Amino acid sequence: MGANEGQRVCAYIATIMSDYKIRGYKDSDYEAVRELFSAGMNEYVPPVCVHVLKQPWVLFVLTCMFICLLVSSKSLILPVLAVTLALALGRQLLGYCWSMYIDHCLKEDLRDISKTYMQSKGSCFWVAEADEIVIGTVAAKPSEEKQEELVLKRMSVRKDFRGLGIGKALSREVLSFARQNQYRSVILNTLMVQHEAQKMYESVGFKKYIEFVLPTVYGKLINFTVSKYRHDILPGS
């Protein structure tokens, strides 16, 4: 990257940081919010595949398949093709399962965002906007498990706008909302592949308080780990 190009990039970033704003959700944001959520979630398919591939039982099965085919066929081509096909099929299966989860979310709270968040007491949905384009989202709603606890949900920032502090600003908006509405804590969930998100939440004061594997057959099979974070709201803070 040349000096002039670097200066242009810096100027562009400075413009975004000075011009972007966080505001409440409007019905006109509907499609942009859903597309941003879907795009952000789809980015996790490759790291999830890598996570699954690292599981001991997966490596064991692939190794046994390779050795058995190598011994029986006395050819390197067949076992290589078989393992490659198995990996491709596994990738397709994981992608399909992940897309089903995204569709589930789109049909739940993101189906009617105004009703779920903007018309419900103690809930809210925000968007970060730059040049009239939605570049980030976050939502909050009361916890169903504990009173005076707020759940941070649907955090997403467009890939080309990350690293600019937008996620932190959205997180602080939720914390401010929690204080104004007398919540005592804010909680959120992250997945085992969301390393950057976990670092960002920790940087604004969230602390991990529990980690568990999903108690389902598939969750246990692929060691699908969820980490829960909490930010306690101190009185008068």
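Keep in mind the model is a prediction, meaning the values are calculated, not measured.
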Candidate pair Val157 and Ile135, rule side-chain contact (heavy atoms from CB on, under 4.5 Å), full reasoning: CA-CA 6 Å; Val157 178; Ile135 60 173; 5.7 Å; no

Nearest heavy-atom contact between Gly24 and Val127 is O-CG2, 4.5 Å

The complete set of salt bridge (charged side-chain N to carboxylate O under 4.0 Å, His left out) pairs with one or both residues in residues 25-43, sequence neighbours excluded, reads Arg23-Asp29, Glu43-Arg162

Under 3.5 Å, side-chain donor or acceptor atoms of residues 88-96 against the rest of the protein: list the pairs with distances, not counting sequence neighbours.
none

Test Val134 against Leu36 for side-chain contact (heavy atoms from CB on, under 4.5 Å), laying out the working first. CA-CA 8 Å; Val134 174; Leu36 181 59; 4.2 Å; yes

With a 3.5 Å cut-off and sequence neighbours excluded, list the donor-acceptor pairs that the side chains of residues 168-177 form with protein atoms.
| from | atom 1 | to | atom 2 | distance (Å) |
| --- | --- | --- | --- | --- |
| Ser171 | OG | Gly167 | O | 2.9 |
| Ser176 | OG | Gln180 | NE2 | 3.2 |

Can you tell me if Thr225 uses its side chain to pair, donor with acceptor, with the backbone of Asn223 under 3.5 Å? yes

Check for me, please, whether Val138 and Ile187 land in the same ILVMFWY cluster - side-chain distances under 4.5 Å, paths through other members count. no

Ignoring hydrogens, what is the shortest heavy-atom contact between Val71 and Lys74? Give both atom names and the distance. O-CG, 3.6 Å

Rounded distance [0.5 Å steps], CZ in Arg179 versus CG in Asn181: 12.0 Å

Quick check: does any side chain N or O of Gln198 sit under 3.5 Å from a backbone N or O of Leu191, one acting as donor and the other as acceptor? yes

Those residues that, when tested against Arg111, pass salt bridge (Lys or Arg N to Asp or Glu O under 4.0 Å) (two or more places apart): none

Which donor-acceptor pairs under 3.5 Å do side chains of residues 56-67 form with protein atoms, sequence neighbours excluded?
| from | atom 1 | to | atom 2 | distance (Å) |
| --- | --- | --- | --- | --- |
| Trp57 | NE1 | Leu221 | O | 2.7 |
| Thr63 | OG1 | Leu59 | O | 2.7 |

For the hydrophobic clusters of this structure (ILVMFWY residues joined by side-chain heavy atoms under 4.5 Å, transitively), does one cluster hold both Tyr44 and Met155? no

For Tyr183 and Gly122, indicate whether the former's side chain and the latter's backbone hold a donor-acceptor pair under 3.5 Å. yes

Correct closest heavy-atom pair for Ala128 and Tyr20 would be CB-CD1, 4.4 Å

Looking only at heavy atoms, which two atoms of Leu69 and Ser72 are closest? And how far apart? O-OG, 3.3 Å

Using side-chain contact (heavy atoms from CB on, under 4.5 Å), reason through Asp232 and Arg184 one step at a time and then give a plain yes or no. CA-CA 6 Å; Asp232 293 320; Arg184 300 185 65 178; over 6 Å; no

Using residues 202-210 as the side-chain source, report each donor-acceptor pair under 3.5 Å to any protein atom, sequence neighbours left out, with the distance given to one decimal.
| from | atom 1 | to | atom 2 | distance (Å) |
| --- | --- | --- | --- | --- |
| Glu202 | OE2 | Tyr229 | OH | 3.1 |
| Ser203 | OG | Met200 | O | 2.5 |
| Lys208 | NZ | Glu211 | OE2 | 3.2 |

Sidechain-backbone polar pair: His231 side chain, Leu188 backbone, donor-acceptor under 3.5 Å: no

Heavy atoms, side chains only, cut-off 4.5 Å: are Arg154 and Cys105 in contact? yes

With clusters defined by side-chain heavy atoms of hydrophobic residues (ILVMFWY) lying less than 4.5 Å apart, directly or transitively, does Val52 cluster with Leu214? yes

Asp109 bridged to Lys141 by N-O distance under 4.0 Å: no

Of all heavy-atom pairs linking Val213 and Gly219, the shortest is CG1-O, 3.3 Å

Please determine whether side-chain contact (heavy atoms from CB on, under 4.5 Å) holds for the pair Met118 and Cys124, giving the CA-CA distance in whole Å, both sets of side-chain angles, and the decisive distance to 0.1 Å. CA-CA 5 Å; Met118 306 307 289; Cys124 197; 4.2 Å; yes

Using the six-membered ring wherever Trp is involved, compare the ring planes of Tyr25 and Phe125 and label them parallel, tilted or perpendicular (cut-offs 30° and 60°). perpendicular

Does Ala197 offer a backbone N or O that forms a donor-acceptor pair with the side chain of Thr190 under 3.5 Å? no

More than 12 non-hydrogen atoms from neighbouring residues, nucleotides or ligands closer than 6.0 Å to CG on Leu85, yes or no? yes

Mind listing the closest non-hydrogen atom pair of Leu106 and Ser38 along with its distance? CD1-OG, 3.6 Å

Is the NZ atom of Lys228 crowded by more than 12 outside heavy atoms at less than 6.0 Å? yes

